[in-house]
Amino acid sequence: MTENENEVLVRAEGLYKVFGRRTHDAVEKLRAGTPRDGLDGVTAAVIDASFEVRRGEIFVVMGLSGSGKSTLIRMINGLHEATAGSLTIRDKDITKISDKELREIRRNHMSMVFQHFALLPHRTVVDNVAYPLELQGVAQSQRVAKANEILDLVGLTGWGEKLPSELSGGMQQRVGIARALAADTDILLMDEAFSALDPLIRREMQEQLVELQEKLHKTIIFITHDLNEAMFLGDRIAVMRDGRIVQIGTPEDILTDPANDYVEQFVQDVDRARVLTASNVMEKPVAVVSSTAGPRTALKTMRDAYSSAAYVIDRERTLLGTIEDRDALKLVRKGERSIMGVIKKDATTVNADDVLMDLFVPAVESKLAVAVTDENEKLVGVIPRVTLLAALGPGPGSTEEITLPLQPVPSTVVDQVLADSEDGQPFEARTVDSKEAF
Ligand SMILES: Nc1ncnc2c1ncn2[C@@H]1O[C@H](COP(=O)(O)OP(=O)(O)O)[C@@H](O)[C@H]1O
Ligand SMILES: [Mg+2]
């Protein structure tokens, strides 16, 4: 099996789980359009679910209690047999294989983290973590070494000899995660794994999971009823309602383009600052000049953008710094041709994938709209403060509080200077047209 990034590890197609009697009749009725609550004496927990989980992603299944999330994950780990449809795990349709094969897949390819930790109370922490290795028949000394290694990874160095009851809830769940990691399976199933934890600990665990994932590149199916958690963790999210998947998309997709009123209602109180990134809200930069431009061009660009300063980029769009109108003005008056001497290396930059929460301080400190750069330091956009505030929806941060640290030189003055001086260069030839450049 190739281990490329887009490899699909889990694929569900038209998957159903109906509890009760004559379940296959119920599936036929559902397929024919009978609504879920029009079925007698059965519960349709999962209805016609189709999705793919790719290697290395965190795929979140999100929905209210009773929407079918746990049933879905239990079909994936083989605890529930599907009523209809297919479920493929690493090229094997597990609805069609023998129990023995299924056990083999579960043991070698899937680990589960439970909401209530499910640790063995009379075993030490290290023995809990080593337990799946014991099942795999790994020798004692090797098990302990491996378990201790993983305890280090989840931040529990030195806690191995304690009993689970001596640990806080957050720490116990780290043991749960360590145990799931010990078996070294590629698929990690987490059903409401953080839901029993206090909010602050929960946030910490979410962050730790993201950190771990950056190192380990597991394929994680994470179930939650908490939209903020889903948005924070998920590379993609499947939203479930009454047994059906109503939308699958990235957190940004779901936030900015909800598939229906239900999803829209759901996302209304999401913490946008933790979900949206700089690249989601950035705008095309207008106050931008090329480092080869003359001071007149720079000044004209600033005037056209109603800005007191501009970003300066080189031919490769690498951000060099900023230029202020008063400096450009001086150069024009002196008849200088180059702006290189007055470029300030004070640009406030953020990365395209920074979340909005991390942009507030830069936005306050920046004299210009914050510059957004890609991994190669190239300018890809800007975020004016008002855009940042607007992206977060109406709130206490009213735009009236914004004060500009620099007052632009009045444009009538600029026009006068531009008319009086001659640096021999027509503006247009040197103006960086932002629409073309970006
Ligand atoms: N073993 C079961 N027998 C009968 N009904 C079940 C069983 N497990 C779950 N259900 C029902 O299936 C629906 C979905 O449940 P579940 O998958 O646990 O939802 P979630 O995890 O989203 O809260 C619910 O109506 C629940 O009562
Ligand atoms: Mg559940």
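Each residue takes its place number in the sequence, starting with 1. Order of appearance sets the numbers: ligands from 1, and atoms from 1 within every ligand. Atom set for the values below is all heavy atoms of this structure, side chains included, hydrogens, waters and symmetry mates excluded. It should be emphasised that the depicted structure is a prediction, and the values quoted were computed from it without experimental measurement.
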Do M110 and I76 have side chains that get closer than 4.5 Å, going by heavy atoms? yes

Donor-acceptor pair, E214 side chain versus E211 backbone, under 3.5 Å? no

Mind checking what residues have non-hydrogen atoms under 4.0 angstrom from ligand 1? F19, T43, A45, L64, S65, G66, S67, G68, K69, S70, T71

Sequence neighbours left out, what passes salt bridge (Lys or Arg N to Asp or Glu O under 4.0 Å) with R123? Give chain and number order. E134

By side chain to side chain contact (heavy atoms under 4.5 Å, CB included) - contacts of E13 (at least two apart): R11, S86

For the pair K367 and E324, find out whether any cationic side-chain nitrogen is under 4.0 Å from an anionic carboxylate oxygen. yes

Between D253 (side chain only) and T250 (backbone N and O only), is there a donor and an acceptor less than 3.5 Å apart? yes

Could you tell me if R236 sits above the aromatic ring of F59, with its cationic atom closer than 6.0 Å to the ring centre and no more than 45 degrees from the axis? no

Listing by chain and number, which protein N, O or S atoms are under 2.8 Å from the Mg ion (ligand 2)? S70 OG

Look at atom CZ of F360 and say whether more than 12 heavy atoms of other residues, nucleotides or ligands are closer to it than 6.0 Å. yes

For L319, the option from D314, T373, V380, V288 that meets side chain to side chain contact (heavy atoms under 4.5 Å, CB included): T373

